[in-house]
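Worth knowing before you read on, the calculation uses all heavy atoms, side chains too, and leaves out hydrogens, waters and symmetry mates. No experiment lies behind these values; they were computed from the predicted model shown.
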Amino acid sequence: MHPDTPRRHGAEASLLGQAVAYRDTYAPELLFPIERQLKRDELGIAAGAPPFVGEDLWNAYELSWLDARGKPVVALGEFRVPAASPRLIESKSLKLYLNSFNQQRMASVDEVQSRIAGDLSAAAGAEVGVVLLPLATRPQRSAGYPQGECLDALEIAIDTYQPAPELLHAAGAEIEETLYSHLLKSNCLVTGQPDWGMLVVRYRGPAIDREGLLRYVVSFRAHNEFHEQCVERVFCDLMARCRPQELAVWARYTRRGGLDINPFRASHAGLRPDEAMEVRQ
């Protein structure tokens, strides 16, 4: 590929960055799936053999439909897309799809949940877990901080704002720790709009240099990539540069368009992220 040739990312034909009219009756065709492998190729990940397990947790805050009598129901939605699915779902298309329920009459919460699960699973190419929590049931959500060390108070100079894995180093005796930063910022792959979040690294292995890790987190500040792809890039760079025996990486991005996305990638299935939402979510 010529260096000036734009890389394919799969969202070229999506509605991102375009003015669109909202549909308010059920329209599953609005969902826009994107092949994960297009970006995984850049990371040297072989098709069908990712070096991680995990999922993308989506929280939906703007979800409503009409009951059989025409009365609105409002709910929170939680969608879990497996990292092993061949496709991710572009976020604006998911927003438009969810809004297509606004004037749609549905017999029950279970019917809506089943319909959304079926549509998202078809788009992703794998079973997507869906839980809907009507506000009438008084669901609770709690914000918190990871059980670990925040890097953000380190007094360091930074001048690199594109991903720089060479900043990552690890040495010494094996330790187990969780490190995190609220300074993560990346940009939408298509529109360039800013995406804000917290990045968490939990590992067992040689001690990761903390100043280098914080510089690396900040190096995403001018980088254009989807949330899921950023977390996979971090995971792969840490594995390559720091060689941990165990590794889990997750991000909690702030919401846009009534959705927040929380990708999680781990070296094996026994590792899990903290469940608390980030304070800005």
Side-chain angles (χ1 to χ4, degrees), residues 10-11 14-16 26-28 30-36 39 52-65 74-102 109 112-135 139-143 184 186 188-191 193-200 225-232 248-266 272-281:
S14 76
L15 296 175
L16 267 175
Y26 177 60
L30 291 172
L31 291 170
F32 191 91
I34 295 173
E35 296 291 333
R36 294 186 189 270
K39 293 294 288 184
F52 44 68
V53 297
E55 65 182 10
D56 305 324
L57 168 62
W58 297 65
N59 293 305
Y61 304 94
E62 300 174 7
L63 176 57
S64 183
W65 62 91
V74 292
L76 297 176
E78 180 184 278
F79 316 138
R80 295 181 181 271
V81 184
S85 65
R87 297 180 292 276
L88 59 84
I89 300 170
E90 189 277 310
S91 61
K92 182 174 181 178
S93 78
L94 181 54
K95 171 188 174 182
L96 294 170
Y97 163 75
L98 294 178
N99 274 279
S100 78
F101 284 89
N102 289 349
V109 174
V112 181
Q113 184 168 292
S114 177
R115 188 76 61 88
I116 292 176
D119 292 339
L120 297 187
S121 298
E127 184 176 352
V128 175
V130 174
V131 176
L132 302 186
L133 302 170
L135 273 291
Q140 302 296 311
R141 304 191 73 229
S142 60
L184 176 64
S186 54
C188 174
L189 182 59
V190 177
T191 67
Q193 294 183 19
D195 295 319
W196 305 92
M198 174 183 69
L199 185 77
V200 186
E225 206 162 41
F226 291 141
H227 304 59
E228 302 93 331
Q229 297 159 350
C230 285
V231 170
E232 292 185 0
V249 177
W250 68 94
R252 290 195 170 274
Y253 279 91
T254 60
R255 73 186 72 173
R256 180 153 20 111
L259 297 164
D260 67 46
I261 308 173
N262 307 272
F264 171 76
R265 302 292 185 269
R272 298 298 307 164
D274 295 338
E275 291 298 322
M277 58 191 288
E278 204 258 2
V279 67
R280 291 173 292 175
Q281 293 181 311

J.: With a 4.5 Å cut-off on side-chain heavy atoms, are Asp274 and Trp250 touching?
T.: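 Yes. Closest side-chain heavy atoms under 4.5 Å.
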J.: Looking only at heavy atoms, what is the nearest atom pair of Phe32 and Ser93, with distance?
T.: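 Shortest heavy-atom separation between Phe32 and Ser93 comes out as N-OG, 2.9 Å.
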J.: Can you give me the closest heavy-atom contact between Cys188 and Arg256, atom names plus distance?
T.: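 Heavy atoms only, the tightest pair is CB-NH2, 4.2 Å.
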J.: So how far is it from Arg36 CZ to Glu232 CD, rounded to the nearest 0.5 Å?
T.: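 Here the interatomic distance stands at 6.0 Å.
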J.: For the CG atom of Leu184 and the CZ atom of Arg252, what is their distance to the nearest 0.5 Å?
T.: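 Atom-to-atom, Leu184:CG and Arg252:CZ are 13.5 Å apart.
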J.: Are Glu90 and Lys92 within salt-bridge range, i.e. N to O under 4.0 Å?
T.: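 No salt bridge links Glu90 with Lys92.
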J.: Testing Leu132, Leu259, Asn99 for side chain to side chain contact (heavy atoms under 4.5 Å, CB included) with Leu63, which one passes?
T.: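 The passing option is Leu132.
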J.: Can you label the angle between the Tyr26 ring and the Phe101 ring as parallel, tilted or perpendicular, going by 30° and 60°?
T.: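 The rings of Tyr26 and Phe101 sit tilted, inter-plane angle from 30° to 60°.
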J.: Does Ile34 reach the side chain of Ile89, with side-chain heavy atoms less than 4.5 Å apart?
T.: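 No. Closest side-chain heavy atoms not under 4.5 Å.
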J.: Can you give me the closest heavy-atom contact between Arg280 and Met198, atom names plus distance?
T.: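 Smallest heavy-atom distance, with atoms named: NH2-N, 3.9 Å.
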J.: May I ask you to decide if Gly125's main-chain N or O and Ser85's side chain share a donor-acceptor pair within less than 3.5 Å?
T.: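 No: the side chain of Ser85 does not pair with the backbone of Gly125.
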J.: Would you say Leu98 and Ile116 make side-chain contact, with heavy atoms under 4.5 Å?
T.: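 Side chain of Leu98 against side chain of Ile116, heavy atoms only: contact under 4.5 Å found.
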J.: Under the side-chain contact (heavy atoms from CB on, under 4.5 Å) rule, collect the residues that match up with Arg255, sequence neighbours excluded.
T.: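 Only Tyr61, Asp260 meet the side-chain contact (heavy atoms from CB on, under 4.5 Å) criterion with Arg255.
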J.: What distance separates Leu88 CG from Gln229 CD, expressed to the nearest 0.5 Å?
T.: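 Rounded to the nearest 0.5 Å, the CG-CD separation comes to 6.0 Å.
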J.: Kindly indicate whether the side chain of Ser91, heavy atoms from C-beta on, has any atom under 4.5 Å from the side chain of Tyr253.
T.: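 No, side chains not in contact.
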J.: Rounded to the nearest 0.5 Å, how far apart are CG of Leu94 and CH2 of Trp58?
T.: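 Leu94 atom CG to Trp58 atom CH2 measures 5.0 Å (nearest 0.5 Å).
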J.: So how far is it from Asn59 CG to Gln281 CD, rounded to the nearest 0.5 Å?
T.: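 CD of Gln281 is found 6.5 Å from CG of Asn59.
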J.: State, to 0.1 Å, how close Ala251 and Leu199 come at their nearest heavy-atom pair, and which atoms those are.
T.: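 Reported closest heavy-atom pair: CB-CD1, 4.2 Å.
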J.: Are Pro263 and His227 close enough that some pair of their side-chain heavy atoms sits under 4.5 Å apart?
T.: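 Yes. Closest side-chain heavy atoms under 4.5 Å.
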J.: Might you point out which heavy atoms bring Ala123 and Arg87 nearest each other, and give the distance in Å?
T.: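 Where Ala123 meets Arg87 most closely, the heavy atoms are O-NE, 2.7 Å.
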J.: Quick one, Asp195 with Phe226, criterion side-chain contact (heavy atoms from CB on, under 4.5 Å). Give me CA distance, side-chain angles, the key distance, then yes/no.
T.: CA-CA 9 Å; Asp195 295 319; Phe226 291 141; over 6 Å; no
J.: Is any side-chain heavy atom of Leu30 closer than 4.5 Å to one of Ser100?
T.: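 When only atoms from C-beta onward are counted, Leu30 and Ser100 do touch, with a gap below 4.5 Å.
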J.: Please confirm whether the backbone N or O of Glu55 pairs with a side-chain atom of Arg265, one donor and one acceptor, at under 3.5 Å?
T.: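 Flag set: sc Arg265 to bb Glu55 pair under 3.5 Å.
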J.: Would you give the length of the straight line joining atom CD of Gln113 to atom CD of Glu78, rounded to the nearest 0.5 angstrom?
T.: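 The distance works out to 10.0 Å.
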